[in-house]
Amino acid sequence: MIWIDIRDRYGITQLIFDEERTPQNVFEKAKTLGREFVIQVTGTVIERESKNKNIPTGDIEILVTDLHVLNTATLPPFTIEDNTDGGEDIRMKYRYLDIRRNPVKDKLIFRHQVAMQVRNYLSQQGFIEVETPYLIKSTPEGARDFVVPSRMNEGQFYALPQSPQTFKQLLMVGGMDRYFQIVKCFRDEDLRADRQPEFTQIDCEMTFVEQEDILGIFEKLTTHLLKEIKGVSVDTFPRMTYADAMRKYGNDKPDIRFGMEFGELNDVAKGKGFNVFDAQELIVGIAVPGASEYTRKQIDAIIDWVKRPQIGANGLVWVKYHTDGTLKSSVDKFYSEEDLAQWASATGASPGDLILVMAGGADKTRTQLSALRMEMAERLGLRKADEFAPLWVVDFPLLEWDEDTARYHAMHHPFTSPKPEDIALLDTDPGNVRANAYDLVLNGNEIGGGSVRIHDSALQARMFELLGFTKEQAEAQFGFLMNAFQYGAPPHAGIAFGFDRLVAILGGQEIIRDFIAFPKNNAGRDVMINAPATIDQEQLDELHLVVKS
Ligand code: ASP
């Protein structure tokens with residue numbers, strides 16, 4: 001007897017070739033089959049003698065009476081099984097083989113299901129999916145553009161959209177009222193782990209709405225997805241201002257599934273003779289739950305972790321709040337137990353907690369402590385994949401000062417409207433103007449972001465001026481939009497979700513690459529087709545390009 005598993009998208013079924021019951025020539029042919037051959041068989045479904053309860057077709061097998069080899073196969077470079085022996089690189093190179101494996105295939109099917117839910121839900125709410133062009137002019141979303149040379153227009157280039165931002169706004173001027181699109185966006189950013197140069201957004205825009213309407217509708221979309229896909233019910237989403245998020249979590253996308261809120265210690269830790277602290281702008285700590293009995297070795301490991309160049313801290317101060325209520329710290333020389341009790345109350349620590357304290361420049365220290373907070377939560381298993389804690393972060397600053405270029409940048413993008421009550425500050429104190437901008441955060445990830453837009457050409461022109469554009473530059477780059485605003489532009493607002501990340505989080509994972517059929521690696525390369533690549537001289541000439549060597 002010969003047993004062979006056949007596999008397709010729907011699963012595995014066992015074939016049986018039996019010398020007694022299968023025709024001789026078919027039986028002989030079965031002996032020549034190899035892994036991953038593509039075959040066609042005819043036979044009878046029969047009950048299996050020894051059943052396999054682990055697979056859905058485990059009760060039956062097919063007694064084969066005829067066999068055709070539709071294609072032979074070279075031995076694959078790794079095993080096509082759920083637990084493969086293939087490393088990441090080799091699987092990326094042979095991605096089409098990787099897709100035959102359940103863990104990859106299932107994620108692509110899952111992605112399709114999420115996309116269908118989004119399309120159906122938004123369509124039911126009256127949104128229309130409209131495609132916008134890919135060969136456009138720069139849309140600033142804070143990254144560099146990928147550009148495409150124009151053969152027919154020497155020296156001229158299209159830019160690939162960083163997002164369909166200006167087009168969706170023009171659709172609103174065009175009266176489309178409710179638009180969405182599941183759309184590719186392209187950003188030439190410096191490499192960061194798990195960033196794809198091309199990625200997908202659920203891009204949305206609406207007219208005659210205010211911030212509150214957008215938050216309401218897209219909160220409902222998110223609740224719908226959590227319910228339909230995860231079976232999880234989430235009520236209203238809490239809201240937090242950007243300023244609070246930075247102060248309490250050192251981060252504009254806080255994971256609120258667990259506590260460890262920042263406690264500021266300037267008032268209670270300065271002036272006690274500990275010079276290291278006295279000179280610092282900010283002293284801030286967190287209470288790590290249940291970690292008061294950490295050993296010297298465990299604490300040293302945390303200190304080493306914050307000293308890594310990625311975090312870049314000089315060290316940290318710790319306080320053990322023992323379960324018997326006593327307090328012991330690494331700076332006992334300078335602080336009495338009463339002092340430390342004040343630290344405990346500022347960080348919200350209870351007996352049994354370990355307080356970790358960092359100090360330095362305010363922004364940098366908050367960022368470092370935020371990273372430590374996430375790391376400790378990870379180590380303590382507090383970032384549970386089956387728990388979902390969405391949050392709106394609102395009231396972002398409109399502008400952000402950039403030291404390198406010594407000018408303001410739009411924190412969201414230049415089309416975002418200031419809060420009406422802050423407009424007067426545009427002239428006097430632009431850095432303190434708040435925007436009608438919002439981010440949707442889920443489990444410490446920004447899954448969506450958007451804003452109420454400027455719909456008045458004079459205000460839009462003022463914004464470009466603040467961002468350092470000359471009148472001519474603004475006109476050349478965005479004249480089309482400011483022009484459009486002169487033809488009766490309705491108030492409008494929108495949002496875009498990062499679809500790859502949303503799918504990954506709903507799938508209980510954080511690596512977005514796994515949910516993309518043909519992803520690029522961390523160096524932005526497609527190692528399967530080997531792109532980017534050089535092009536030949538003829539093509540360069542046609543495009544009027546000269547490559548400097
Ligand atoms: N275009 C924005 C982005 O890509 C989203 C929005 O403002 O709607 O982040």
Side-chain angles (χ1 to χ4, degrees), residues 2-17 29-30 32-48 51-120 182 184 196 198-200 225 228-231 499-500 502-509 511-520 526-529:
I2 300 171
W3 281 279
I4 286 172
D5 279 345
I6 46 167
R7 183 194 61 234
D8 62 12
R9 194 182 108 194
Y10 310 93
I12 283 178
T13 301
Q14 182 168 281
L15 305 179
I16 173 167
F17 299 81
K29 216 194 273 176
T32 69
L33 295 179
R35 271 204 231 167
E36 302 302 311
F37 275 35
V38 184
I39 59 169
Q40 177 180 22
V41 293
T42 310
T44 314
V45 176
I46 58 172
E47 191 174 352
R48 253 206 235 185
K51 303 195 168 43
N52 178 354
K53 291 288 164 211
N54 296 326
I55 61 170
T57 56
D59 282 359
I60 56 112
E61 57 194 355
I62 295 173
L63 176 63
V64 179
T65 52
D66 202 4
L67 165 69
H68 290 285
V69 175
L70 301 178
N71 212 342
T72 59
T74 307
L75 195 66
F78 52 87
T79 52
I80 315 284
E81 278 164 15
D82 291 7
N83 289 316
T84 177
D85 56 358
E88 172 94 10
D89 291 349
I90 193 93
R91 287 190 290 113
M92 282 297 165
K93 181 149 186 226
Y94 297 91
R95 185 66 169 170
Y96 46 89
L97 295 180
D98 207 18
I99 293 172
R100 290 184 190 170
R101 297 172 51 240
N102 288 322
V104 181
K105 178 199 72 183
D106 290 346
K107 290 191 180 77
L108 297 183
I109 296 172
F110 181 73
R111 182 183 175 106
H112 161 76
Q113 287 161 344
V114 180
M116 288 307 287
Q117 287 290 345
V118 170
R119 286 210 160 88
N120 289 340
I182 298 187
K184 272 289 173 70
Q196 291 284 315
E198 56 178 298
F199 59 96
T200 305
L225 293 176
E228 291 300 315
I229 292 172
K230 304 299 298 183
F499 184 63
D500 309 285
L502 178 65
V503 172
I505 296 173
L506 290 173
Q509 312 206 352
I511 300 180
I512 67 174
R513 214 172 32 239
D514 292 351
F515 291 83
I516 298 172
F518 298 104
K520 311 250 181 311
D526 183 324
V527 292
M528 182 182 65
I529 59 172

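Note that these values count all heavy atoms, side chains included, but never hydrogens, waters or copies made by symmetry.
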Approximate separation, where rounding is to 0.5 Å, of Leu63 CG and Glu61 CD: 8.0 Å
Side chains of Gln113 and Glu228 in contact at under 4.5 Å (non-hydrogen atoms): no
More than 12 heavy atoms from other groups under 6.0 Å of CZ on Arg48: yes
Partner of Arg111 under side chain to side chain donor-acceptor pair (under 3.5 Å), chosen from Asp106, Thr200, Asp514: Thr200
Thr13 side chain vs Ile6 backbone, donor-acceptor pair below 3.5 Å: no
Minimum-distance pair of heavy atoms, taken over all atoms of Val503 and Phe110: O-CE2, 3.4 Å
Any pair counted as salt bridge (charged side-chain N to carboxylate O under 4.0 Å, His left out), so long as it reaches residues 2-14, sequence neighbours left out: Arg7-Glu36
Interatomic distance, Gln117 atom CD to His112 atom NE2 [nearest 0.5 angstrom]: 10.0 Å
For Arg101, side-chain hydrogen bond (donor to acceptor under 3.5 Å, both in side chains) partners two or more places apart: Asp98
Flag if over 12 foreign heavy atoms under 6.0 Å of OH, Tyr96: yes
Working for side-chain contact (heavy atoms from CB on, under 4.5 Å), residues Phe17 and Val64: CA-CA 6 Å; Phe17 299 81; Val64 179; 3.5 Å; yes
Gap between atom CZ of Phe518 and atom CD1 of Ile529 - 0.5 Å precision: 9.5 Å
Check: Thr84 side chain, Gly86 main-chain N or O, donor-acceptor pair, under 3.5 Å: yes
Backbone of Leu506 reached by a side-chain donor or acceptor of Lys230 within 3.5 Å: yes
Criterion side-chain contact (heavy atoms from CB on, under 4.5 Å) on Arg35 and Thr79, from CA distance to verdict: CA-CA 9 Å; Arg35 271 204 231 167; Thr79 52; 3.8 Å; yes
Straight-line distance of Ile39 CD1 to Asp66 CG, nearest 0.5 Å: 11.0 Å
Heavy-atom neighbours of Lys29 NZ exceed 12 at 6.0 Å: yes
Interatomic spacing from NZ in Lys105 to CZ in Arg100 - rounded to 0.5 Å: 12.5 Å
Check: Pro103 main-chain N/O paired with Lys107 side-chain donor or acceptor under 3.5 Å: yes
Flag if over 12 foreign heavy atoms under 6.0 Å of CD1, Ile511: no
Atom pair CD1 (Ile516) and CD (Gln196), whose distance is rounded to the nearest 0.5 Å: 4.0 Å
